[in-house]
Amino acid sequence: MKSFSLTESQLPFDLDLSLSCGQIFGWKKTRDTWKGVHNGSIVTIRQKGILIEYDGLSQQDVIRFLGLSDPISDIIESIREHIIAYKGSPDRFFETRYSQSRGLRILRQHPWECLVSFICSANSNVSTIGKRINLILGRYGTSCTLFENTFPDPAVLSQCQEPELRECLTGYRAPYLIKTAQYIHEHPDFFHQVRKMEYHQAKDTLMNLPGVGPKVADCVLLFAFEHLNAVPVDIRIRKIIEDKYASLIHTDKSGKLPYDTIGGFCREYFGPYAGYAQQYLFATRDLEKGEVTRSAELP
DNA sequence: CCCCAGGTCTGCT
DNA sequence: AGCAGACATGGG
(Lines give C-alpha, C1' and ligand atoms only; values in the text may rest on other atoms or scores of the structure.)
Protein backbone atom coordinates (compact mmCIF):
# COMPACT_ATOMS: atom_id res chain seq x y z
CA MET A 1 0.00 0.00 0.00
CA LYS A 2 1.08 3.54 -0.70
CA SER A 3 0.79 6.14 2.03
CA PHE A 4 1.11 9.76 3.02
CA SER A 5 0.74 11.78 6.20
CA LEU A 6 -1.93 14.37 6.76
CA THR A 7 -0.63 17.88 7.27
CA GLU A 8 -1.70 20.26 9.99
CA SER A 9 -4.11 22.09 7.67
CA GLN A 10 -5.78 18.78 6.73
CA LEU A 11 -6.75 18.00 10.31
CA PRO A 12 -9.05 16.97 11.77
CA PHE A 13 -9.92 14.17 9.36
CA ASP A 14 -12.05 11.08 10.06
CA LEU A 15 -12.10 8.48 7.30
CA ASP A 16 -14.61 6.20 9.03
CA LEU A 17 -17.13 8.96 9.49
CA SER A 18 -16.67 10.37 6.00
CA LEU A 19 -17.27 7.00 4.34
CA SER A 20 -20.10 5.81 6.58
CA CYS A 21 -22.24 8.91 7.03
CA GLY A 22 -24.50 8.28 4.05
CA GLN A 23 -22.91 10.36 1.32
CA ILE A 24 -21.50 7.31 -0.47
CA PHE A 25 -22.86 3.77 -0.60
CA GLY A 26 -21.52 0.29 -1.02
CA TRP A 27 -18.20 0.81 0.74
CA LYS A 28 -17.26 -1.92 3.17
CA LYS A 29 -14.89 -1.92 6.10
CA THR A 30 -13.08 -5.14 7.00
CA ARG A 31 -10.94 -4.79 10.07
CA ASP A 32 -9.36 -1.36 9.60
CA THR A 33 -9.52 -1.12 5.81
CA TRP A 34 -12.22 0.36 3.60
CA LYS A 35 -12.83 -0.92 0.09
CA GLY A 36 -15.17 0.54 -2.50
CA VAL A 37 -15.70 1.92 -5.95
CA HIS A 38 -14.53 5.30 -7.13
CA ASN A 39 -14.19 6.64 -10.64
CA GLY A 40 -14.21 3.22 -12.24
CA SER A 41 -11.65 1.69 -9.90
CA ILE A 42 -11.64 -0.53 -6.85
CA VAL A 43 -10.04 1.51 -4.10
CA THR A 44 -8.77 0.55 -0.65
CA ILE A 45 -8.06 3.11 2.04
CA ARG A 46 -7.27 3.04 5.73
CA GLN A 47 -6.38 5.65 8.29
CA LYS A 48 -3.99 5.22 11.21
CA GLY A 49 -3.90 8.51 13.05
CA ILE A 50 -2.47 11.03 10.64
CA LEU A 51 -1.32 8.32 8.24
CA ILE A 52 -3.42 7.52 5.16
CA GLU A 53 -2.67 4.22 3.42
CA TYR A 54 -4.31 3.56 0.07
CA ASP A 55 -4.29 1.61 -3.14
CA GLY A 56 -6.03 1.79 -6.49
CA LEU A 57 -5.63 5.55 -6.97
CA SER A 58 -2.88 8.10 -7.23
CA GLN A 59 -2.13 10.17 -4.15
CA GLN A 60 -3.48 13.21 -5.94
CA ASP A 61 -6.77 11.43 -6.65
CA VAL A 62 -7.07 10.20 -3.06
CA ILE A 63 -6.62 13.72 -1.77
CA ARG A 64 -9.24 15.00 -4.15
CA PHE A 65 -11.71 12.15 -3.47
CA LEU A 66 -11.49 12.62 0.29
CA GLY A 67 -11.88 16.39 0.14
CA LEU A 68 -8.50 16.84 1.81
CA SER A 69 -7.86 20.06 -0.07
CA ASP A 70 -10.83 21.77 1.54
CA PRO A 71 -9.72 24.60 3.84
CA ILE A 72 -11.52 22.99 6.70
CA SER A 73 -10.69 25.51 9.43
CA ASP A 74 -11.73 28.36 7.15
CA ILE A 75 -14.95 26.51 6.41
CA ILE A 76 -16.01 26.10 10.02
CA GLU A 77 -14.96 29.67 10.73
CA SER A 78 -17.07 30.91 7.81
CA ILE A 79 -20.07 28.95 9.01
CA ARG A 80 -19.76 30.39 12.51
CA GLU A 81 -19.37 33.93 11.19
CA HIS A 82 -22.50 33.63 9.09
CA ILE A 83 -24.45 32.30 12.05
CA ILE A 84 -23.33 35.26 14.18
CA ALA A 85 -24.16 37.71 11.40
CA TYR A 86 -27.60 36.19 11.04
CA LYS A 87 -28.76 35.91 14.63
CA GLY A 88 -26.13 37.64 16.73
CA SER A 89 -25.10 34.71 18.89
CA PRO A 90 -23.47 31.28 18.55
CA ASP A 91 -25.58 28.27 17.66
CA ARG A 92 -25.39 25.78 20.51
CA PHE A 93 -27.29 23.08 18.66
CA PHE A 94 -25.03 23.29 15.62
CA GLU A 95 -21.92 23.32 17.81
CA THR A 96 -23.02 20.16 19.58
CA ARG A 97 -23.59 18.37 16.31
CA TYR A 98 -20.33 19.68 14.92
CA SER A 99 -18.41 18.43 17.94
CA GLN A 100 -19.76 14.96 17.20
CA SER A 101 -18.89 15.02 13.51
CA ARG A 102 -15.55 16.77 13.41
CA GLY A 103 -13.29 15.26 10.77
CA LEU A 104 -16.10 14.74 8.29
CA ARG A 105 -15.33 15.71 4.70
CA ILE A 106 -17.50 16.15 1.67
CA LEU A 107 -16.26 13.51 -0.76
CA ARG A 108 -15.79 14.17 -4.46
CA GLN A 109 -17.63 11.34 -6.13
CA HIS A 110 -17.83 10.46 -9.80
CA PRO A 111 -21.01 12.16 -11.14
CA TRP A 112 -22.47 9.06 -12.76
CA GLU A 113 -21.76 6.85 -9.74
CA CYS A 114 -23.23 9.49 -7.46
CA LEU A 115 -26.29 9.98 -9.64
CA VAL A 116 -27.08 6.25 -9.76
CA SER A 117 -26.58 5.99 -6.00
CA PHE A 118 -28.96 8.78 -5.13
CA ILE A 119 -31.66 7.79 -7.60
CA CYS A 120 -31.50 4.49 -5.69
CA SER A 121 -31.67 6.32 -2.38
CA ALA A 122 -35.21 7.65 -2.75
CA ASN A 123 -37.47 6.85 0.20
CA SER A 124 -35.12 4.24 1.56
CA ASN A 125 -32.57 3.80 4.35
CA VAL A 126 -28.80 3.81 4.29
CA SER A 127 -28.25 0.10 4.80
CA THR A 128 -30.76 -0.87 2.14
CA ILE A 129 -29.25 1.59 -0.32
CA GLY A 130 -25.83 0.05 0.20
CA LYS A 131 -27.16 -3.43 -0.52
CA ARG A 132 -28.93 -2.13 -3.60
CA ILE A 133 -25.75 -0.55 -4.96
CA ASN A 134 -23.71 -3.69 -4.37
CA LEU A 135 -26.32 -5.84 -6.09
CA ILE A 136 -26.17 -3.54 -9.12
CA LEU A 137 -22.37 -3.72 -9.12
CA GLY A 138 -22.50 -7.50 -8.87
CA ARG A 139 -24.97 -7.98 -11.68
CA TYR A 140 -24.13 -5.22 -14.13
CA GLY A 141 -20.79 -3.81 -13.03
CA THR A 142 -17.96 -3.64 -15.49
CA SER A 143 -15.55 -6.33 -14.50
CA CYS A 144 -12.55 -5.12 -12.61
CA THR A 145 -11.16 -8.30 -11.14
CA LEU A 146 -12.83 -11.66 -10.80
CA PHE A 147 -15.04 -10.70 -7.90
CA GLU A 148 -14.93 -6.95 -8.04
CA ASN A 149 -16.98 -4.69 -10.27
CA THR A 150 -17.35 -0.98 -10.70
CA PHE A 151 -20.43 0.95 -11.75
CA PRO A 152 -21.98 -0.14 -15.03
CA ASP A 153 -21.64 2.44 -17.76
CA PRO A 154 -24.76 4.34 -18.87
CA ALA A 155 -24.76 2.22 -22.02
CA VAL A 156 -25.09 -0.97 -19.98
CA LEU A 157 -27.83 0.25 -17.67
CA SER A 158 -29.72 1.83 -20.55
CA GLN A 159 -30.12 -1.56 -22.19
CA CYS A 160 -30.81 -3.76 -19.19
CA GLN A 161 -34.19 -5.34 -18.62
CA GLU A 162 -36.40 -3.73 -16.01
CA PRO A 163 -37.58 -6.96 -14.34
CA GLU A 164 -33.97 -8.01 -13.94
CA LEU A 165 -32.93 -4.64 -12.54
CA ARG A 166 -35.76 -4.91 -10.03
CA GLU A 167 -34.09 -8.00 -8.63
CA CYS A 168 -31.44 -5.62 -7.31
CA LEU A 169 -33.97 -4.26 -4.80
CA THR A 170 -34.53 -1.17 -6.92
CA GLY A 171 -38.31 -1.50 -6.97
CA TYR A 172 -40.12 1.35 -8.66
CA ARG A 173 -36.82 3.18 -9.13
CA ALA A 174 -35.76 0.76 -11.89
CA PRO A 175 -37.41 2.64 -14.77
CA TYR A 176 -35.91 5.90 -13.51
CA LEU A 177 -32.45 4.36 -13.63
CA ILE A 178 -32.97 2.99 -17.12
CA LYS A 179 -34.38 6.20 -18.56
CA THR A 180 -31.71 8.34 -16.95
CA ALA A 181 -29.03 5.97 -18.25
CA GLN A 182 -30.52 6.28 -21.73
CA TYR A 183 -30.40 10.05 -21.56
CA ILE A 184 -26.79 10.15 -20.33
CA HIS A 185 -25.80 7.60 -22.94
CA GLU A 186 -27.32 9.72 -25.69
CA HIS A 187 -25.75 12.92 -24.31
CA PRO A 188 -22.16 11.98 -23.50
CA ASP A 189 -21.22 15.57 -22.68
CA PHE A 190 -24.05 16.02 -20.17
CA PHE A 191 -21.90 16.01 -17.05
CA HIS A 192 -19.31 18.19 -18.72
CA GLN A 193 -22.02 20.76 -19.40
CA VAL A 194 -23.43 20.56 -15.89
CA ARG A 195 -19.98 21.06 -14.42
CA LYS A 196 -19.72 24.47 -16.08
CA MET A 197 -23.08 25.70 -14.75
CA GLU A 198 -23.92 27.78 -11.72
CA TYR A 199 -25.78 26.10 -8.86
CA HIS A 200 -29.37 26.88 -9.81
CA GLN A 201 -28.98 26.16 -13.50
CA ALA A 202 -27.13 22.94 -12.78
CA LYS A 203 -29.90 21.91 -10.39
CA ASP A 204 -32.66 22.62 -12.92
CA THR A 205 -30.75 20.66 -15.52
CA LEU A 206 -30.27 17.63 -13.28
CA MET A 207 -33.93 17.71 -12.29
CA ASN A 208 -34.94 17.06 -15.88
CA LEU A 209 -33.62 13.51 -15.45
CA PRO A 210 -36.16 10.84 -14.48
CA GLY A 211 -36.00 10.02 -10.78
CA VAL A 212 -34.16 13.23 -9.96
CA GLY A 213 -36.01 15.77 -7.85
CA PRO A 214 -34.64 18.62 -5.74
CA LYS A 215 -33.15 16.37 -3.05
CA VAL A 216 -31.30 14.01 -5.36
CA ALA A 217 -30.09 16.93 -7.47
CA ASP A 218 -28.68 18.64 -4.38
CA CYS A 219 -26.90 15.45 -3.34
CA VAL A 220 -25.25 15.14 -6.73
CA LEU A 221 -24.30 18.82 -6.76
CA LEU A 222 -22.80 18.60 -3.27
CA PHE A 223 -21.15 15.18 -3.45
CA ALA A 224 -19.99 15.16 -7.06
CA PHE A 225 -19.86 18.73 -8.39
CA GLU A 226 -18.32 20.61 -5.48
CA HIS A 227 -21.27 22.94 -4.99
CA LEU A 228 -20.62 23.25 -1.27
CA ASN A 229 -23.63 25.54 -0.91
CA ALA A 230 -26.05 22.78 -1.98
CA VAL A 231 -28.27 21.63 0.88
CA PRO A 232 -30.01 18.28 0.42
CA VAL A 233 -33.22 18.42 2.45
CA ASP A 234 -34.21 14.94 3.54
CA ILE A 235 -36.51 13.89 6.36
CA ARG A 236 -33.79 14.24 8.98
CA ILE A 237 -32.69 17.74 7.98
CA ARG A 238 -36.29 18.82 7.56
CA LYS A 239 -37.10 17.76 11.13
CA ILE A 240 -34.03 19.52 12.50
CA ILE A 241 -34.80 22.78 10.72
CA GLU A 242 -38.49 22.70 11.57
CA ASP A 243 -37.84 21.78 15.20
CA LYS A 244 -34.80 23.93 15.97
CA TYR A 245 -34.76 26.82 13.51
CA ALA A 246 -38.38 27.59 12.70
CA SER A 247 -38.33 30.79 14.74
CA LEU A 248 -35.50 32.15 12.59
CA ILE A 249 -37.34 31.62 9.32
CA HIS A 250 -39.50 34.46 8.19
CA THR A 251 -42.52 32.85 6.61
CA ASP A 252 -46.26 33.19 6.74
CA LYS A 253 -46.70 29.46 6.51
CA SER A 254 -46.95 27.15 9.46
CA GLY A 255 -46.23 23.43 9.59
CA LYS A 256 -44.40 21.85 6.69
CA LEU A 257 -42.03 24.25 4.99
CA PRO A 258 -41.40 24.07 1.24
CA TYR A 259 -38.13 22.47 0.13
CA ASP A 260 -36.62 25.69 -1.21
CA THR A 261 -37.54 27.61 1.92
CA ILE A 262 -35.42 25.23 4.00
CA GLY A 263 -32.52 25.11 1.55
CA GLY A 264 -32.62 28.87 1.06
CA PHE A 265 -32.65 29.50 4.79
CA CYS A 266 -29.62 27.25 5.29
CA ARG A 267 -27.67 29.13 2.63
CA GLU A 268 -28.47 32.46 4.27
CA TYR A 269 -27.88 31.21 7.78
CA PHE A 270 -24.76 29.08 7.26
CA GLY A 271 -23.35 30.90 4.23
CA PRO A 272 -21.57 29.53 1.14
CA TYR A 273 -20.52 26.34 2.96
CA ALA A 274 -24.07 25.46 3.91
CA GLY A 275 -23.55 22.02 2.42
CA TYR A 276 -20.84 21.31 4.97
CA ALA A 277 -23.03 22.63 7.76
CA GLN A 278 -25.81 20.38 6.58
CA GLN A 279 -23.51 17.36 6.69
CA TYR A 280 -22.41 18.18 10.22
CA LEU A 281 -26.05 18.35 11.25
CA PHE A 282 -26.92 15.16 9.38
CA ALA A 283 -23.99 12.91 10.10
CA THR A 284 -23.47 12.67 13.79
CA ARG A 285 -21.24 9.77 14.68
CA ASP A 286 -23.43 8.14 17.28
CA LEU A 287 -26.79 9.22 15.99
CA GLU A 288 -27.90 5.99 14.46
CA LYS A 289 -30.17 4.81 17.22
CA GLY A 290 -32.50 7.42 18.51
CA GLU A 291 -30.36 10.06 20.12
CA VAL A 292 -31.72 12.82 17.96
CA THR A 293 -32.77 15.37 20.53
CA ARG A 294 -31.10 14.30 23.74
CA SER A 295 -27.68 15.84 23.65
CA ALA A 296 -28.36 19.31 22.39
CA GLU A 297 -30.97 21.76 23.50
CA LEU A 298 -30.84 25.49 23.93
CA PRO A 299 -29.22 26.57 27.22
C1' DC B 1 -49.09 -5.61 11.55
C1' DC B 2 -47.50 -1.27 12.17
C1' DC B 3 -44.33 2.78 10.82
C1' DC B 4 -40.16 4.57 8.76
C1' DA B 5 -36.52 5.49 5.37
C1' DG B 6 -30.88 10.83 2.31
C1' DG B 7 -38.19 11.21 -2.49
C1' DT B 8 -40.25 11.49 -6.97
C1' DC B 9 -44.09 11.37 -9.98
C1' DT B 10 -48.80 11.85 -11.11
C1' DG B 11 -53.13 13.81 -10.95
C1' DC B 12 -56.14 16.74 -8.65
C1' DT B 13 -57.69 21.69 -7.19
C1' DA C 1 -48.44 26.63 -7.43
C1' DG C 2 -49.61 23.66 -3.93
C1' DC C 3 -51.21 19.21 -2.05
C1' DA C 4 -52.49 14.11 -1.30
C1' DG C 5 -51.49 9.16 -2.89
C1' DA C 6 -48.99 5.76 -5.05
C1' DC C 7 -44.94 3.54 -5.36
C1' DA C 8 -41.37 -1.34 -3.69
C1' DT C 9 -38.86 -3.03 -0.15
C1' DG C 10 -35.95 -3.96 3.97
C1' DG C 11 -35.43 -2.61 8.89
C1' DG C 12 -36.97 -1.87 13.41
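Computed from a prediction, not measured in an experiment: that's the story for all the values here. Numbered from 1 within each chain, the chains take letters A, B, ... in sequence-line order.
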Who pairs with Glu164(A) by side chain to side chain contact (heavy atoms under 4.5 Å, CB included), at least two apart in sequence or on another chain?
Arg139(A), Tyr140(A), Gln161(A)
Sequence neighbours excluded, which residues qualify as side chain to side chain contact (heavy atoms under 4.5 Å, CB included) partners of Arg80(A)?
Ile76(A), Glu95(A), Tyr98(A)
Note: contacts of residues 167-176 of chain A with DNA chain C (heavy atom, under 4.0 Å) are Leu169(A), Gly171(A), Tyr172(A), Arg173(A)
Just checking Ile237(A): base, sugar-phosphate only, or nothing, at a heavy-atom cut-off of under 4.0 Å?
base
Nucleotide interval of DNA chain B bounded by contacts with chain A (heavy-atom cut-off, under 4.0 Å):
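Reading along DNA chain B, I get dA5(B) to dC9(B).
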If you assign each of Ser127(A) and Ala122(A) to its closest nucleotide in DNA chain C, which residue comes earlier from the 5' end?
Ala122(A)
Centres of the Phe270(A) and Tyr86(A) rings: under 6.0 Å?
no
Once you measure the plane-to-plane angle for Phe94(A) and Tyr280(A), does it fall in the parallel (<30°), tilted (30-60°) or perpendicular (>60°) bin?
perpendicular
How are the rings of Phe265(A) and Tyr269(A) set relative to one another: parallel (under 30°), tilted (30 to 60°) or perpendicular (over 60°)?
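Phe265(A) vs Tyr269(A) ring planes: parallel.
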Where along residues 201-227 of chain A does a heavy atom fall under 4.0 Å from DNA chain B?
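Within residues 201-227 of chain A, the residues near DNA chain B are Leu209(A), Pro210(A), Gly211(A), Val212(A), Gly213(A), Pro214(A), Lys215(A), Val216(A), Phe223(A).
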Could you list the cluster mates of Val43(A)? Members are the ILVMFWY residues connected by side-chain heavy atoms closer than 4.5 Å, either directly or through other members.
Phe4(A), Leu6(A), Leu11(A), Phe13(A), Leu15(A), Leu19(A), Ile24(A), Trp27(A), Trp34(A), Ile45(A), Ile50(A), Ile52(A), Tyr54(A), Leu57(A), Val62(A), Ile63(A), Phe65(A), Leu66(A), Leu68(A), Leu107(A)
Nearest-angstrom distance from the residue atom CG of Leu177(A) to C1' of dC7(C):
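Going from CG in Leu177(A) over to C1' in dC7(C) covers 14 Å.
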